[in-house]
Amino acid sequence: MYLAGVLYCCAAAVFWALGPVFLKKGLAFLDHTEMSASRTIGFAAASLIFCIFDPNAFILWRFPSRLLLFVFLNILVGNVLGDLCYFKSLELIGVSRAVGTTCCYPLFVTAISFFWLGESVTLPLVLGTGVMIAGLFMLKSGGRKAPGAAPETASWKGFLLALAAAFCWAAVMVLQKWLLSVHDLPAASITLWRALFLFAVSWGIWAWRTRKEPEKRLHLLRAPREIWASAVAAGIFGLAAGGYVFALAIQIIPVSVATPITATSPLIAAGMAVVLFHESMRPVQWAGILCILGGVLTVSA
């Protein structure tokens with residue numbers, strides 16, 4: 001069983017690394033709204049399959065109705081606002097730097113948990129925070145410049161958008177932890193209803209934004225098959241599979257063991273970005289990612 005938990009964590013790290021790679025491919029043709037909508041197809045389909053095969057989950061909502069509001073809030077903050085910031089940062093600073101920056105989310109998780117859940121501040125937390133901040137500054141320096149914009153302005157904008165995405169994701173992680181621990185909701189059921197809400201919200205936003213421009217609707221329908229495949233794969237791996245297998249992992253092994261394994265995801269994503277997209281990474285930026293991961297491990301100690 002312990003080995004199964006480790007393997008689940010390894011799978012989660014790979015899935016979370018694959019997510020931004022597929023997003024980057026899809027965003028070569030689709031805009032943010034189109035990508036947000038199209039990826040929900042894979043998210044919803046995979047989440048339904050997980051829910052069907054999970055013996056502890058329910059497809060129909062059998063819990064207090066008010067909790068659905070918190071699931072909906074989870075979607076609005078994490079997958080609408082947070083992901084839109086993330087998509088833009090991917091365009092401005094690339095996969096490797098965007099993913100490396102957003103992996104500082106444990107810093108925001110700790111801060112939110114301190115004010116909301118009253119968790120204490122420890123010495124490892126202070127040290128880890130300092131290491132992560134140093135890593136962020138190293139990761140910010142140099143790297144690929146965004147075309148069509150002032151290099152330094154685009155770089156700072158992409159960096160700040162990645163931080164905003166990390167904050168939004170951290171907020172919904174604390175919220176989801178509250179739903180799982182306090183109200184004992186099954187992980188697969190939460191994932192499915194998140195997928196259903198995101199499907200409705202994303203396609204609703206797309207329909208509203210294109211209501212007076214039918215040619216934009218045709219643009220999505222005319223997307224090449226490989227673009228559709230990338231968008232669906234981003235939902236399957238980055239949203240559904242990664243979150244679900246990580247939830248399975250922490251049911252078997254301690255979070256302190258699971259976190260160091262899944263924290264390798266930014267390194268995997270950065271490596272994929274260098275190979276697939278030929279993104280440039282300076283030694284100081286690799287050091288920045290390692291510092292952020294070291295801070296994550298210190299905070300989790």
Side-chain angles (χ1 to χ4, degrees), residues 12 16 19-20 23 32 36 39-40 43 47 63-64 66-90 98-122 125-126 128-129 132-133 135-136 157-185 187 189-202 205 234-235 238-240 242-244 246-247 250 255 258-259 262-263 265-266 292-293 295-296 299-300:
W16 285 337
L23 285 176
H32 302 161
S36 296
R39 68 178 180 150
T40 60
F43 186 19
S47 299
F63 314 101
R66 63 184 178 84
L67 296 180
L68 273 177
L69 295 176
F70 291 101
V71 177
F72 184 67
L73 180 63
N74 183 297
I75 284 297
L76 287 180
V77 176
N79 296 108
V80 177
L81 179 59
D83 285 0
L84 286 176
C85 293
Y86 184 49
F87 292 164
K88 189 62 178 178
S89 71
L90 285 174
V99 174
T101 303
T102 54
C103 76
C104 73
Y105 66 83
L107 172 63
F108 296 119
V109 169
T110 303
I112 295 171
S113 297
F114 172 76
F115 289 105
W116 184 8
L117 304 178
E119 295 183 357
S120 60
V121 177
T122 62
L125 171 60
V126 176
T129 299
M132 276 191 280
I133 292 174
L136 288 172
K157 183 178 180 181
F159 182 70
L160 293 176
L161 284 170
L163 287 177
F167 177 82
C168 291
W169 294 345
V172 299
M173 285 179 182
V174 177
L175 176 59
Q176 189 159 333
K177 177 182 177 181
W178 178 73
L179 290 171
L180 288 167
S181 59
V182 176
H183 297 282
D184 199 27
L185 300 183
S189 295
I190 294 178
T191 302
L192 175 62
W193 280 87
R194 286 180 63 243
L196 295 176
F197 277 135
L198 185 60
F199 186 94
V201 170
S202 298
I205 293 174
L239 292 176
Y244 179 65
F246 181 72
I250 60 177
V255 177
T259 302
T262 57
S265 178
I292 294 174
L293 296 180
V296 171
V299 169
S300 304

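As the structure is a computational prediction, the values presented were derived from the model and not from experiment.
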Calculate, to the nearest 0.5 Å, the distance between atoms [atom1] and [atom2] belonging to [X] and [Y] respectively.
X      : Y      : atom1 : atom2 : answer
Leu239 : Trp16  : CG    : CH2   : 11.5 Å
Leu192 : Phe43  : CG    : CZ    : 8.5 Å
Leu81  : Ile75  : CG    : CD1   : 12.5 Å
Cys168 : Leu163 : SG    : CG    : 11.0 Å
His32  : Ile205 : NE2   : CD1   : 13.5 Å
Leu161 : Phe87  : CG    : CZ    : 12.5 Å

* Would you call Asp83 and Leu23 a side-chain contact if the rule is heavy atoms closer than 4.5 Å? ->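 No, every pair of side-chain atoms sits at 4.5 Å or beyond.
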- Message: Are the side chains of Phe197 and Leu68 in contact, using a 4.5 Å heavy-atom criterion?
- Response: yes
Worksheet entry | Smallest separation among heavy atoms of Val71 and Ile190, with atom names |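 Looks like CG1-O, 4.5 Å.
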Between Ala240 and Ser47, the two heavy atoms sitting closest are CB-OG, 3.8 Å
With sequence neighbours left out, the residues meeting side chain to side chain contact (heavy atoms under 4.5 Å, CB included) with Ala165 are Cys85, Tyr86, Thr102, Trp169
Test side chain to side chain contact (heavy atoms under 4.5 Å, CB included) applied to Leu73 - qualifying residues, sequence neighbours left out |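 Partners of Leu73 by the side chain to side chain contact (heavy atoms under 4.5 Å, CB included) criterion, ordered by chain and then number, come out as Val77, Leu175.
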Sorted by chain and residue number, the side-chain hydrogen bond (donor to acceptor under 3.5 Å, both in side chains) partners of Thr40 (sequence neighbours excluded) come out as Trp203
